[in-house]
There are 2 protein chains.
Amino acid sequence: MNDIVRILKEKGFKVTPQRIAVYNVLMNTKEHPTVEAIYNKLQPMYPTMSLATVYKSLEVFRELNLVQELNVGEDKFRYDANVKQHPHIMCIDCGRVDDVDDEMFFNLKDEVASKTGYELVGQKLYFYGRCPSCKRK
Amino acid sequence: MNDIVRILKEKGFKVTPQRIAVYNVLMNTKEHPTVEAIYNKLQPMYPTMSLATVYKSLEVFRELNLVQELNVGEDKFRYDANVKQHPHIMCIDCGRVDDVDDEMFFNLKDEVASKTGYELVGQKLYFYGRCPSCKRK
DNA sequence: TATGATATGGATAATAATTATTAATTAATA
DNA sequence: TATTAATTAATAATTATTATCCATATCATA
């Protein structure tokens, strides 16, 4: 059985076609889509699904830690089915958002904790630049 | 003469009491205030100043690179008169936002560039945790 | 110092993303 | 299958931000 189905059941949430559809969009992309983008991608297959349902599905997934929310500085959120906190990089020309391998950030948390006196629980690391394809132009 | 006055003049912007007031709030705080917070702080001294004026002043300052905009993941921006890109840390309990010394991030950009193939131009680094005072409770 | 061109401030309306509400529908389970 | 509780979808409400409009303040120039 699909993971998402099992987890929803375990946590007492209902398994609906809409939720599965929203989650599958996120599972099958590397594009870190916005709510709008997810909605648009689902339109052809689920023409009756409303934007509010996309929002609510994402809210449930976030609660269950099945997706993470990104804010790269736009006035809206993007979503990622990869819930491991990892850095992202955005192209300032074309707007695409990519993952950044995070092995180089291993000891960052400890260093920040000792510098600031905070007890660290998380981090959001965003980089900005020109992607390989935009660089060429 | 005040720096802000000189720069506004040089760039052909008019020097108004409102602009100076907004800038001074930012100069004299380490709190990374929101627009609302700036507005509230100015109310006693400038009771006729409107929220729109705060927004517009900040827009000018951002254009002139006199302030930087932060988005720590709230649904609003915070502002900092320190325009050098540096990491921030937010307390998940009380909401305060502090600076993080950035010497430890020196070679980060180069590493990210070589990993991703992007040409790096900037970064936003946010950490989350419990501040020393909230930790004690 | 006075004048006049023009950018700015302040009030308010508009916008856009998100959240709340609600009635009708649907799924889970006895 | 009936009951119950959760969910959907449509819509309204909310909230941060941006745009508009015009009286007014600023400042170069006379």
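Chain naming here is simple, since letters A, B, ... match the order of the sequence lines and numbering starts at 1 in each. Hydrogens, waters and symmetry mates play no part in the numbers below; they use all other heavy atoms, side chains included.
- Both A:Pro17 and A:Leu51 sit near DNA chain C, but only A:Leu51 has its closest nucleotide nearer the 5' end.
- Taking the nucleotide of DNA chain C with the nearest heavy atom to each of B:Ser57 and A:Val35, the more 5' of the two is matched to B:Ser57.
- The shortest distance between the side-chain N/O atoms of B:Thr53 and the OP1/OP2 oxygens of C:dG10 is below 4.0 Å.
- Rounded to a whole Å, the NZ atom of B:Lys11 is 22 Å from the P atom of C:dT6.
- Taking 4.0 Å as the cut-off between side-chain N and carboxylate O, B:Lys124 and B:Glu69 do not count as a salt-bridged pair.
- Of the listed nucleotides (C:dT18, D:dA16, C:dT22), C:dT22 has the atom at the smallest distance from the side chain of A:Lys56.
- For D:dA25, neither phosphate oxygen OP1 nor OP2 lies less than 4.0 angstrom from any side-chain nitrogen or oxygen of B:Gln18.
- Among the nucleotides D:dC27, D:dA10, C:dG10, the one closest to the side chain of A:Ser50 is D:dA10.
- Side-chain N/O atoms of B:Arg19 include none lying less than 4.0 angstrom from OP1 or OP2 on D:dT26.
- Nearest nucleotide to the B:Phe13 side chain, out of D:dA9, C:dG9, C:dT8: C:dT8.
- For B:Lys76 and C:dT19, the NZ to C1' distance is 15 Å, given to the nearest whole Å.
- When the P atom of C:dA28 is taken as reference, atom CZ of A:Arg6 falls 16 Å away, rounded to whole Å.
- Salt-bridge check for B:Arg6 with B:Glu10: passed, with a basic side-chain N closer than 4.0 Å to an acidic carboxylate O.
- Of the residues near DNA chain D, B:Val15 and B:Glu59, the one whose nearest nucleotide (by heavy atom distance) lies more toward the 5' end is B:Glu59.
- Look at B:Lys137 and B:Asp93 and you find no salt bridge, because none of the NZ, NE, NH1 or NH2 atoms lies under 4.0 Å from a carboxylate O.
- Residue A:Thr16 places none of its side-chain N or O atoms closer than 4.0 Å to OP1 or OP2 of D:dT7.
- Between A:Phe127 and B:Tyr118, the distance separating the two ring centers is not shorter than 6.0 angstrom.
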> Would A:His32 and A:Asp98 count as a side chain to side chain donor-acceptor pair (under 3.5 Å) if you check the C-alpha gap in whole Å, the side-chain angles of each, and the deciding distance to 0.1 Å?
Replying inline: CA-CA 8 Å; A:His32 310 88; A:Asp98 286 309; 5.9 Å; no
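- Taking only distance into account, the side chain of B:Lys14 meets the base of C:dT6 through a donor-acceptor pair shorter than 3.5 Å.
- Minimum atom distance to the side chain of A:Tyr55 is reached by C:dT19, of the listed C:dT19, D:dT8, C:dT8.
- Atom OH of A:Tyr39 is separated from atom P of C:dT18 by 15 Å (rounded to the nearest Å).
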